[in-house]
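Source: prediction; values computed, not measured. The basis for the numbers below is simple: all heavy atoms, side chains too, and nothing from hydrogens, waters or symmetry mates. Numbered from 1 within each chain, the chains take letters A, B, ... in sequence-line order.
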Amino acid sequence: MTTSSNLVYLIALPLVSSALLILLGRKADKWGHLLATLVSATAFGIGVMEFLAMHTRTGAARAATQHLFSWISVGSFNVDASLLLDQLSICFVLLITGVGTLIHIYSIAYMSHDRDRRRFFAYLNLFIAAMLLLVLGDSYLNLYVGWEGVGLASYLLIGFWNQKPTYATAAKKAFVANRVGDVGLSLAIMIAFAQFGTVTFEGVKAGVPHASGAAITAIGAMLLLAAAGKSAQFPLQSWLGDAMAGPTPVSALIHAATMVTAGVYLITRSNYIFDASSTARLLVVIVGGITLIFGALIGTAKDDIKKALAASTMSQIGYMILASGLGPVGYAIAIMHLLTHGFFKAGMFLGAGSVMHGMDDEVNMRRFGGIGKLMPITFATFGLGYLAIIGVPPFAGFYSKDKIIEIAFNAGGTKGWILGGATLLGAAITAFYMTRLVVMTFTGSKRWDEKAHPHESPILMWLPMAVLAIGSVASGFFFNSGNSLVNWLAPVLNSRGVEGGAELMKPIVVSGLALAAVVIGVGIALTKYRSNVPIEAPEDVTIFTKLARKDLLQDSFNEAVLMRPGQKLTAGLVKTDTNVIDGLVRLVGAIFIGSATALRRIQNGYVRSYALIMVLGALALIAMIWVVTL
Amino acid sequence: MSIVTTLELLPLLGALLLAVIPKQNALLAKRVALATSVVVLAVAGLMAYRFDNSNPAMQFVESRKWIASFGVNYAVGIDGIALVLILMSAFLVPVVILAGWHESENGKWSAKTFYILILTLETMMIGVFAATDVFLFYVIFEAMLIPVYFLIGGYGRGERAAAAMKFLLYSLFGGLLMLAAIIGIYVIAGNQIGHTFDIAQLSTLHIDSWTQDFLFLGFFIAFAIKAPLWPFHTWLPTAAKSATPGTSILLLGVLDKVGTYGMIRFCITLFPQASKTFTPIIIVLALISILYGAFLAIGQREINGLIAFTSISHFGFITLGIFAMTSQGLSGATLYMVNHGFSTGALFLAAGWMVSRRGSSKIEDFGGLQRVTPVLAWTFFLAGMSALALPGLSSFVSEFLVLVGTFTRYPVAAIVGTTGIVLAALYVLIVVQKSLHGPTTEGNESLKDLNLREKIAMAPVIAILVIFGFFPKPLLDTINPASQQVMSHAGVTDPAPKAGK
């Protein structure tokens with residue numbers, strides 16, 4: 001281990017900047033966005049320096065730590081505020097600050113007409129600080145602070161325009177769903193402490209071989225619950241679609257590239273837990289598998305461009321979760337897909353923002369059409385992201401998603417066939433809904449009315465899109481060449497050097513199958529949406545389309561099973577409290593008063609007579625003690 | 001004279017000074033009261049500075065004969081637990097006075113009387129935590145009811161007289177049970193070691209388990225009403241709805257802590273055996289309080305009632321931590337008492353300002369305040385985040401310590417308690433959405449944001465919530481030796497990690 005003294009600045013700079021922008025209020029309106037962007041860029045600079053420094057070190061010396069102060073110390077519960085920058089966390093640091101800075105730059109233009117732009121940048125900086133703490137904390141409790149910090153930032157940003165009641169509700173929904181996940185994280189930490197007497201990653205890792213299988217599985221299951229909340233995985237997925245209420249740069253940064261992937265970080269970071277419990281791993285792949293299909297299906301029916309992308313995010317994170325449930329061969333692949341997804345999905349969200357910017361904030365794709373000619377840069381960058389996500393070689397998603405499909409098949413036995421089949425099916429549906437999205441938005445005939453004037457966005461907006469497009473093209477090749485990312489991460493994620501199992505199919509066959517799935521998906525979408533898209537969503541659709549439009553009934557289910565019974569319970573308890581519990585108290589009081597009619601004369605409501613009675617009573621009691629002790 | 005006694009006398013001195021100034025000069029009364037409370041805070045700070053964290057025994061002890069024939073002494077002294085609670089009380093009084101500068105103006109009596117009551121109450125708040133003689137504790141415990149009764153009944157809102165009476169009768173009932181138990185233990189002491197009310201000596205008595213159970217219940221029920229724990233809680237929402245914000249802060253922030261403090265100082269210390277006997281029942285009551293309080297908070301339509309029910313939920317956490325009887329549980333519960341004082345204090349302050357500006361305490365009458373009064377909205381939001389124990393704020397540290405300390409001994413109870421964090425998110429975010437977000441409700445367009453005085457009163461409270469979220473160590477280092485002392489006296493040790501290395 002190396003010690004570093006720079007890590008704290010990664011967190012402190014954006015945190016201080018955020019506090020400053022909030023405390024100074026309108027005084028900082030003129031330069032707030034510039035400060036926030038500068039701070040984010042500086043954090044990226046520190047990250048790059050740390051990465052270069054780490055690259056020159058070898059072996060165990062690559063990881064760097066910084067001890068800040070003793071945070072909580074009670075009995076044997078000792079938690080230090082300490083940071084850990086290793087091969088895994090540096091990937092996140094670069095992603096968060098890199099994509100984060102691009103999105104800061106983009107937002108300068110995107111939010112230029114908003115009266116609260118300064119506040120927006122304050123929240124963005126708060127998010128950067130919290131997300132960096134999440135990936136830099138060296139213990140589960142430190143991680144928890146960042147974990148809730150990003151939740152707070154997400155809440156504030158989803159509800160950035162909370163004058164609109166539906167947006168305020170969306171923000172609340174996200175926070176509450178995340179809190180359900182937090183119950184999981186809290187309990188995982190408690191079990192870890194009860195088992196190992198420590199909550200640091202290092203300490204828990206060292207203790208795993210000594211703990212019972214049941215305890216390890218319980219920790220794994222609770223971590224998975226936490227991940228499901230944060231990463232919008234089944235059954236806690238329903239908040240992500242509504243989270244699109246936030247300004248689009250937020251959707252790109254928080255609800256696509258970084259925060260929602262924190263669950264993948266949590267599981268891969270806890271690889272030693274999942275390595276030790278096949279049951280926990282099974283739960284992980286089940287959740288990932290369900291969500292990747294679930295999200296993809298919702299994506300096929302959405303007409304709101306942001307909600308379609310959000311469903312896609314849910315599905316893509318499902319891929320990552322599934323990969324991380326496949327054990328040592330999967331963790332690094334999950335991270336690879338996380339990073340490539342960070343580029344292409346953030347890029348596409350910014351593209352969607354660019355389209356909205358030119359279309360008076362219209363999000364309904366049925367009102368788009370033919371925008372590609374008028375917004376060529378947006379179309380080009382979006383197109384590259386599109387090719388990446390559907391997995392066309394040699395774009396980024398091809399490498400990362402193919403790997404996931406491959407290791408899913410290689411999981412072996414029936415499990416392998418089911419998982420492999422699911423990932424393949426997901427690839428086909430992804431190709432379908434993404435093609436639908438691109439065709440409906442950028443090609444075909446225009447379906448917008450005369451008031452809209454689509455135009456290309458300013459350079460501050462298209463430049464970040466262009467940079468992310470480069471990532472969408474090249475990052476997969478870069479990560480994959482010489483297995484560089486897997487090898488880089490191996491000391492953290494695969495310290496025992498586990499090799500992949502027997503290959504079910506040759507990689508080239510898997511790629512062939514995946515490409516066939518993509519071609520089918522693209523083909524169907526093209527035939528269906530290349531021409532005559534109705535401006536109003538048709539009503540005479542199959543039951544499946546209807547269900548997908550309603551998010552596969554996720555909200556109806558939550559309302560029927562949780563919300564309405566909860567409201568009834570609350571109303572019932574309020575009544576019980578007034579009528580039964582307080583009623584009993586009043587009854588007891590009434591009995592005393594009623595039976596002592598002779599004493600009624602002194603219930604005269606005069607404070608002084610009550611006081612007198614109290615004094616008399618006290619005297620009587622003192623007299624009683626005196627008698628007792630005679 | 002011990003510095004503790006000095007600290008007790010100072011507010012009383014201020015009250016005497018107030019008594020001689022003319023009734024008409026309200027401003028002078030306010031200034032004298034504020035100045036007195038600031039001096040008290042400074043002396044309390046000095047006391048904390050001189051306090052030795054490495055010494056687990058009572059410090060700054062002083063004992064004088066009071067009623068010699070009964071063995072009653074004026075005996076005071078503080079350990080870490082008492083110290084942090086006294087500091088919290090001394091901090092809240094000037095905040096309350098400054099924040100509620102006009103609270104005394106709509107009362108039955110003069111402003112002067114209001115501040116005499118507040119300062120008298122402060123003397124008692126310090127005394128009740130510092131008393132090491134059971135009889136002295138009891139006298140203050142009961143006497144505290146008087147100023148609070150007049151503060152609610154004389155300066156409150158709505159049905160203040162009825163609320164004050166309900167509060168008084170509930171408390172007197174609990175007090176009587178405790179008095180019976182005190183007489184009982186006094187008689188037993190007489191037979192074994194001679195007549196005394198000294199807590200340390202009483203804790204050495206050998207009491208058969210049958211008697212211990214009864215005596216324990218006498219104390220516990222009194223404290224469970226004070227704290228309050230479900231099902232003894234119905235007086236609290238009534239009182240909180242009628243009291244002024246300042247009185248509510250002192251009532252929920254400080255006086256209710258006497259209940260949970262008493263559970264540590266008396267129930268566990270004097271009756272360790274009975275404490276263990278009743279632990280299962282108490283843990284169930286604590287869990288019911290956590291969930292019940294949260295559900296009721298969600299269902300409230302009145303903002304002060306909501307805060308009162310969140311407190312019932314929080315007192316459930318505190319009681320859970322105490323009776324988990326682990327280092328983390330006990331220290332966490334004590335820290336929780338301190339944090340809750342500030343956290344609920346901030347909530348009542350912000351809510352109080354909202355109510356006084358709008359002239360209504362119904363949640364539905366607010367809405368869109370974030371646009372109209374951004375600073376007030378921010379303070380209410382931050383106070384709410386503290387109430388839901390957001391990591392990074394001080395209340396998270398204490399809530400997590402309570403839960404982790406409970407988990408090591410009673411995992412199921414901890415799991416049930418942890419679900420409370422979801423309900424906490426709901427009760428905070430619902431009221432935040434209804435009052436701060438959305439379009440501005442009609443009639444709120446011209447509400448004024450916080451003025452300088454209000455900002456000065458609120459700033460230190462917010463600062464404390466944040467600072468102790470990251471640096472709780474000074475408080476924990478003070479509390480830890482005292483909670484170790486309680487545990488070793490009760491003969492319990494922390495469960496060892498299950499996976500031995």
Side-chain angles (χ1 to χ4, degrees), chain A residues 22 25 69-77 81 141 144-145 147-149 152 159 162-163 165 168-169 172 175-176 179-180 182-183 186-187 189-191 193-197 206-207 210-212 215 569-571 573-574 577 581-582 585 589 605 607 610-611 614 618 621 624-626 628-629, chain B residues 70 142 146 153 161 168-169 172 179 183 186-187 190 195 231 234 292 295-296 298-300 326-328 331-332 368 370-371 374 385 390-392 397 400-401 403-404 407-408 411 414-415 418-419 421-422 425-426 429-430 433 437-439 470-473 476 480 494-495 497-501:
Chain A
I22 290 171
F69 52 88
S70 164
W71 180 27
I72 304 175
S73 173
V74 178
S76 55
F77 189 78
L141 207 63
Y144 195 174
V145 178
W147 188 265
E148 286 262 302
L152 173 67
N162 61 31
Q163 311 84 285
T169 305
K172 182 178 67 187
F175 198 108
V176 172
R179 269 258 150 162
V180 177
D182 293 347
V183 171
S186 301
L187 288 174
I189 299 173
M190 289 177 215
I191 305 169
F193 175 69
Q195 289 291 324
F196 312 117
H210 309 281
S212 71
L569 176 67
T570 305
L573 284 177
V574 170
D577 197 63
I581 300 185
D582 201 40
V585 173
V607 170
Y610 289 126
M614 279 167 67
L621 289 169
M624 193 166 86
I625 299 169
W626 188 61
V628 170
T629 54
Chain B
F70 295 149
E142 292 288 63
I146 299 165
L168 189 69
L169 290 178
L172 282 177
L179 180 64
I183 295 168
Y186 178 75
V187 171
H195 292 307
T234 59
Y292 188 91
F295 272 117
L296 267 284
I298 293 169
Q300 292 304 300
T326 57
S327 312
Q328 295 82 30
S331 291
Q370 191 180 296
R371 280 257 175 266
M385 288 297 111
L390 186 84
V397 177
F400 198 82
L401 279 172
L403 288 171
V404 82
F407 190 90
T408 54
I415 292 169
T418 306
T419 60
I421 71 172
V422 179
L426 279 170
L429 295 182
I430 289 174
Q433 184 185 350
H437 302 162
F470 288 96
F471 308 102
K473 203 166 179 341
L476 286 172
N480 283 335
D494 286 337
K498 291 199 179 65
K501 278 171 205 160

Undergrad: Against chain B, label Ala81(A) side chain, backbone, both or neither, depending on which of its atoms sit under 4.5 Å from a heavy atom there.
TA: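 When you check distances to chain B, no heavy atom of Ala81(A) falls under 4.5 Å.
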
Undergrad: Mind listing the closest non-hydrogen atom pair of Phe193(A) and Val404(B) along with its distance?
TA: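 Closest approach of Phe193(A) to Val404(B), heavy atoms only: CD2-CG2, 3.7 Å.
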
Undergrad: As an exercise: rank Ser212(A), Gly149(A), Ala194(A) by heavy-atom pairs under 4.5 Å with chain B and give me the winner.
TA: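 Option with the top pair count is Ala194(A).
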
Undergrad: Tell me the closest heavy-atom pair linking Gln328(B) and Val74(A), and the distance in Å.
TA: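 Closest pair (atom of Gln328(B), atom of Val74(A), distance): NE2-O, 3.0 Å.
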
Undergrad: For Gln433(B) and Pro165(A), which heavy atoms make the closest approach, and how far apart are they?
TA: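 In terms of heavy atoms, the two residues are closest at NE2-O, 3.7 Å.
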
Undergrad: Under a 4.5 Å heavy-atom cut-off, does chain A meet the side chain of Pro439(B), its backbone, both or neither?
TA: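 Contact with chain A: backbone and side chain both.
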
Undergrad: Checking heavy atoms, do the side chain of Ala168(A), its backbone, both or neither come under 4.5 Å from chain B?
TA: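 Its backbone and side chain both get close to chain B.
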
Undergrad: What are the two closest heavy atoms between Phe196(A) and Pro497(B), and how far apart are they?
TA: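 What the structure gives for the nearest pair is C-CB, 3.8 Å.
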
Undergrad: Mind ranking Ile421(B), Thr408(B), Leu476(B) by heavy-atom pairs under 4.5 Å with chain A and telling me who comes out on top?
TA: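 The residue among Ile421(B), Thr408(B), Leu476(B) with the greatest pair count is Ile421(B).
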
Undergrad: Is it the backbone or the side chain of Ser76(A) that comes under 4.5 Å from a heavy atom of chain B, or both, or neither?
TA: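 Both backbone and side chain.
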
Undergrad: Phe471(B): which residues meet the ring-ring contact (aromatic ring centres under 6.0 Å, His included) condition with it, sequence neighbours left out?
TA: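 Residues passing ring-ring contact (aromatic ring centres under 6.0 Å, His included) with Phe471(B): Phe69(A).
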
Undergrad: If you count heavy-atom pairs within less than 4.5 Å of chain B, which of Val574(A), Val145(A), Val180(A), Asp582(A) leads?
TA: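 Highest number of pairs under 4.5 Å: Asp582(A).
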
Undergrad: Please state whether the side chain, the backbone, both or neither of Leu169(B) comes within less than 4.5 Å of a heavy atom of chain A.
TA: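 Contact with chain A involves no heavy atom of Leu169(B) at all.
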
Undergrad: Locate the shortest heavy-atom distance separating Thr418(B) from Ser186(A); write the atom from each residue and the value.
TA: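 In terms of heavy atoms, the two residues are closest at CG2-CB, 3.9 Å.
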
Undergrad: Which bit of Leu429(B) comes within less than 4.5 Å of chain A, counting heavy atoms only: side chain, backbone, both or neither?
TA: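 Interface part for Leu429(B): both.
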
Undergrad: From Asn162(A) CG over to Gln370(B) CD, what is the distance, rounded to the nearest 0.5 angstrom?
TA: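 It comes to 4.5 Å.
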
Undergrad: In Å and rounded to the nearest 0.5 Å, what is the CG to CG distance from Asp577(A) to Leu296(B)?
TA: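 CG of Leu296(B) is found 4.5 Å from CG of Asp577(A).
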
Undergrad: For Asn480(B) and Ser73(A), indicate whether the former's side chain and the latter's backbone hold a donor-acceptor pair under 3.5 Å.
TA: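 Yes; at least one donor-acceptor contact below 3.5 Å.
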
Undergrad: Looking only at heavy atoms, what is the nearest atom pair of Val422(B) and Arg179(A), with distance?
TA: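 Reported closest heavy-atom pair: CG2-O, 3.9 Å.
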
Undergrad: If you round to the nearest 0.5 Å, how far is OG1 of Thr570(A) from CD1 of Ile430(B)?
TA: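 It is 8.0 Å, given to the nearest 0.5 Å.
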
Undergrad: Could you tell me the separation between the CD1 atom of Ile191(A) and the NZ atom of Lys498(B), rounded to the nearest 0.5 Å?
TA: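 If I round to the nearest 0.5 Å, the distance is 9.5 Å.
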
Undergrad: Counting heavy-atom pairs closer than 4.5 Å to chain A, which one of Thr326(B), Thr419(B), Leu403(B) comes out on top?
TA: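 Max contact count across the listed options: Leu403(B).
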
Undergrad: Can you tell which part of Phe407(B) gets under 4.5 Å to a heavy atom of chain A, answering side chain, backbone, both or neither?
TA: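 Contact with chain A: side chain only.
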
Undergrad: So which of Ser331(B), Pro472(B), Gly438(B) has the largest heavy-atom pair count under 4.5 angstrom toward chain A?
TA: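 Highest number of heavy-atom pairs under 4.5 Å: Gly438(B).
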
Undergrad: When rounded to the nearest 0.5 angstrom, what distance separates CG in Leu390(B) from CZ in Phe175(A)?
TA: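 Going from CG on Leu390(B) over to CZ on Phe175(A), the span is 5.5 Å.
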
Undergrad: Do Phe77(A) and Asp494(B) have side chains that approach each other closer than 4.5 Å (heavy atoms only, starting at C-beta)?
TA: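 When only atoms from C-beta onward are counted, Asp494(B) and Phe77(A) do not touch, as no gap falls below 4.5 Å.
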
Undergrad: Could you grab the distance from atom CZ of Phe295(B) to atom CG of Leu569(A), nearest 0.5 Å is fine?
TA: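 The CG atom of Leu569(A) is 4.5 Å from CZ of Phe295(B), to the nearest 0.5 Å.
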
Undergrad: Let's test your reading of the structure: which of Ala211(A), Gly159(A), Ala215(A), Ser70(A) forms the most heavy-atom pairs below 4.5 Å with chain B?
TA: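 Max contact count across the listed options: Ser70(A).
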
